[in-house]
Engineer: 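Below is a structure I'd like to ask you about.
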Amino acid sequence: MKRVVVTGMGAITPIGLNTEEFWQSLRTGTTGFGEITQFDTTDFKVKVAASVKGFEGKNYMDVKSARRMELFCQYAVAASKEAMEQSGINMEEEDPYRVGCAIGSGVGSLQAMEREHKKLLEKGPGRINPLLVPLMITNMAAGNVSIQYGLKGKSLNVVTACATGTHSIGEAFRTIQVGDADVMVAGGTESSITPIGIGGFTALTALSSSNDVARCSIPFDKERSGFVMGEGAGVIVLEELEHAKKRGAKILAEVVGYGATSDAYHITSPAEDGMGAAMAMKNAVKDAGISLEDVEYINAHGTSTHHNDLFETRAIKLAFGEHAYKMKINSTKSMIGHLLGAAGAVEVIACILQMNHKYIHATVGLQESEEELDLDYMKGQGIEKEFNYALTNSLGFGGHNASLLMKKFKE
């Protein structure tokens with residue numbers, strides 16, 4: 001199997017419009033929560049979200065292209081632009097059929113759906129935008145990125161709810177491992193802060209009941225009450241090692257393990273014993289050919305819902321045994337909320353940034369956990385720490401579990 005490395009990263013998040021801004025915010029514990037401004041929340045119980053601020057599509061693509069993309073696609077193209085530029089790949093020197101794309105979205109454009117449904121009801125079907133379908137459907141993130149950069153290899157749109165970004169990177173990793181591509185642009189994107197998005201998750205009782213921006217997203221805290229909706233995109237450039245070395249690329253990290261399982265249990269709740277997620281973690285570690293004790297850090301799914309944080313904790317204990325108590329575990333969602341299909345991809349970037357900067361960020365807002373949540377969740381302050389492996393978890397509605405293991409690059 002071929003070795004796969006990361007040579008570029010791009011991030012559009014509620015706490016930064018590029019990876020450097022994102023990193024500085026992670027380091028300082030800056031949060032991105034605020035009142036929802038996208039629509040009138042008077043009749044809504046939930047009034048807080050983690051919105052992307054100051055984003056202008058025209059800064060990343062021409063105006064005509066931006067007009068033919070909904071926000072989730074614009075985020076994907078913007079994050080891909082940063083990742084491609086950092087990687088230094090020149091598509092004129094590549095075989096375009098060996099460069100692919102795997103960028104997923106859990107939802108696609110609720111904005112387009114709401115907007116055109118309103119037209120249907122008020123003005124009739126003849127007034128529906130002819131571009132509704134290509135604006136709305138989830139695969140258009142991968143489609144638009146491929147079009148923008150001339151990526152003619154394998155083009156995938158993995159949709160596994162909140163595990164989408166992690167699965168997308170995992171499947172891109174496998175694609176390169178087995179020789180189906182030299183390069184894959186991979187990640188996730190989402191923009192679902194809309195009336196039906198907020199209303200739907202509120203009706204499901206999945207969103208935080210707190211409208212206090214300091215206590216709304218508090219993973220592993222005993223007062224946690226649900227997740228906060230976030231938005232944005234995370235994209236990385238994955239590359240076969242020899243291909244990267246041949247062109248003199250700067251290597252940021254190596255992807256060494258991928259595990260994917262299904263709970264086959266419930267449409268929204270993770271399995272109570274955590275076995276499905278535990279097996280995903282163990283499979284990722286086995287894939288890397290290392291021991292469980294080699295893993296010192298986990299970026300948890302850590303949504304701030306009661307069930308997720310409890311059952312993920314059980315999963316970590318199942319997978320790692322007593323070693324679980326020696327590991328550092330944090331949740332980036334404590335600062336950016338839950339980016340749904342983009343969450344895992346952004347968290348992969350958070351892992352690589354922390355590994356390269358030798359620093360593990362705090363789980364911001366965490367004050368006290370209940371009895372069974374007794375692992376080291378990085379309460380209080382971040383710490384300076386050198387570590388060689390970072391494991392990240394994503395768990396999606398429907399029972400989808402995905403884990404990726406990254407390693408600090410060494411020849």
Side-chain angles (χ1 to χ4, degrees), residues 8-14 17-18 38 49-85 91 99-117 128-162 164-165 167-169 171-172 184-194 196-197 229-237 339-346 349:
M9 303 189 295
I12 300 292
T13 78
L17 296 181
N18 54 58
Q38 288 88 338
S51 302
V52 168
K53 300 143 191 92
F55 178 84
E56 293 282 349
K58 65 184 181 182
N59 294 336
Y60 305 91
M61 68 204 83
D62 65 79
V63 175
K64 184 178 179 181
S65 294
R67 278 203 303 264
R68 287 176 172 260
M69 292 183 213
E70 288 293 307
L71 204 50
F72 82 102
C73 285
Q74 291 187 18
Y75 288 163
V77 169
S80 297
K81 184 175 190 290
E82 182 187 6
M84 289 288 281
E85 288 177 353
M91 286 303 297
V99 183
C101 185
I103 297 177
S105 173
V107 180
S109 180
L110 291 179
Q111 293 91 337
M113 194 182 300
E114 290 179 7
R115 187 175 63 241
E116 299 306 315
H117 183 250
I128 293 173
N129 186 340
L131 291 178
L132 168 61
V133 172
L135 287 170
M136 175 184 68
I137 53 181
T138 56
N139 68 295
M140 281 301 162
N144 276 302
V145 169
S146 296
I147 291 166
Q148 289 287 309
Y149 297 104
L151 317 180
K152 296 184 178 182
K154 182 184 288 189
S155 185
L156 301 176
N157 172 45
V158 178
V159 183
T160 49
C162 309
T164 293
H167 274 132
S168 295
I169 293 172
E171 294 303 315
M184 291 290 289
V185 179
T189 186
E190 207 79 84
S191 179
S192 298
I193 304 174
T194 75
I196 199 70
M229 183 80 83
E231 62 173 352
V235 174
I236 65 174
V237 175
L339 275 60
L340 306 182
V346 170
I349 292 170

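Numbering starts at 1 and runs along the sequence shown.
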Engineer: Are side-chain heavy atoms of Met91 and Val99 found at a separation under 4.5 Å?
Structural biologist: yes
Engineer: When the ring planes of Tyr75 and Phe55 are compared, do they come out parallel, tilted or perpendicular, using 30° and 60° as the limits?
Structural biologist: perpendicular
Engineer: Using side-chain heavy atoms (C-beta onward) and a distance below 4.5 Å, is Thr189 in contact with Ile103?
Structural biologist: yes
Engineer: Could you give all pairs that pass the salt bridge (charged side-chain N to carboxylate O under 4.0 Å, His left out) test and reach residues 129-146, with sequence neighbours left out?
Structural biologist: none
Engineer: Could you note down all residue pairs passing salt bridge (charged side-chain N to carboxylate O under 4.0 Å, His left out) where residues 59-82 supplies at least one of them, sequence neighbours left out?
Structural biologist: Glu70-Arg115, Lys81-Glu85
Engineer: How many angstroms lie between CG in Leu71 and OG in Ser109, if you round to the nearest 0.5 Å?
Structural biologist: 8.0 Å
Engineer: Does some side-chain heavy atom of Leu340 sit less than 4.5 Å from a side-chain heavy atom of Thr164?
Structural biologist: no
Engineer: Between NE2 of His167 and OG1 of Thr160, what distance do you get to the nearest 0.5 Å?
Structural biologist: 5.0 Å
Engineer: Please find the pair of heavy atoms, one from Ala112 and one from Leu132, that lie closest to each other, and give the distance.
Structural biologist: O-CD1, 3.6 Å
Engineer: Give the minimum heavy-atom separation between Phe72 and Leu135, together with the two atoms involved.
Structural biologist: CE2-O, 3.6 Å
Engineer: How close do Ala76 and Ala141 get, counting heavy atoms only, and between which atoms?
Structural biologist: CB-CB, 4.0 Å
Engineer: Looking only at heavy atoms, what is the nearest atom pair of Ser155 and Ala142, with distance?
Structural biologist: OG-CB, 3.9 Å
Engineer: Using only atom types and a distance under 3.5 Å, with no angle test, would you say the side chain of Glu190 pairs donor to acceptor with the backbone of Ser105?
Structural biologist: no
Engineer: Any donor-acceptor pair under 3.5 Å linking the side chain of Glu116 with the backbone of Leu131?
Structural biologist: no
Engineer: Are the side chains of Lys53 and Pro14 in touch, meaning some heavy atoms are under 4.5 Å apart?
Structural biologist: yes
Engineer: In terms of side-chain heavy atoms, does Glu114 have a donor or acceptor partner in Thr194 at a distance below 3.5 Å?
Structural biologist: yes
Engineer: Report yes if some heavy atom in the side chain of Val107 is under 4.5 Å from a heavy atom in the side chain of Ser192; otherwise report no.
Structural biologist: yes
Engineer: Looking at every heavy atom in both Pro130 and Pro134, which two are closest together, and how far apart are they?
Structural biologist: O-CD, 4.4 Å
Engineer: Does the pair Ile128 and His117 meet the rule for a side chain to side chain contact (heavy atoms under 4.5 Å, CB included), with working shown?
Structural biologist: CA-CA 8 Å; Ile128 293 173; His117 183 250; over 6 Å; no
Engineer: Does some side-chain heavy atom of Cys101 sit less than 4.5 Å from a side-chain heavy atom of Met184?
Structural biologist: no
Engineer: State, with a plain yes or no, whether a side-chain heavy atom of Gln111 is found less than 4.5 Å away from one of Ser191.
Structural biologist: yes
Engineer: Under 4.5 Å between any side-chain heavy atoms of Gln74 and Met69, yes or no?
Structural biologist: yes
Engineer: Identify the two heavy atoms, one from Asn144 and one from Cys73, that lie closest to each other, and give their separation to 0.1 Å.
Structural biologist: ND2-SG, 3.5 Å
Engineer: Going from CE on Met9 to OG on Ser80, what distance comes out if it is rounded to the nearest 0.5 angstrom?
Structural biologist: 14.0 Å
Engineer: Apply side chain to side chain contact (heavy atoms under 4.5 Å, CB included) to the pair Lys152 and Ser146, showing each step before the final yes or no.
Structural biologist: CA-CA 7 Å; Lys152 296 184 178 182; Ser146 296; over 6 Å; no
Engineer: Drop me the distance from Leu17's CG to Ile12's CD1, to the nearest 0.5 angstrom.
Structural biologist: 5.0 Å
Engineer: Would you please say whether a donor-acceptor pair under 3.5 Å links the side chains of Ser51 and Gln38?
Structural biologist: yes
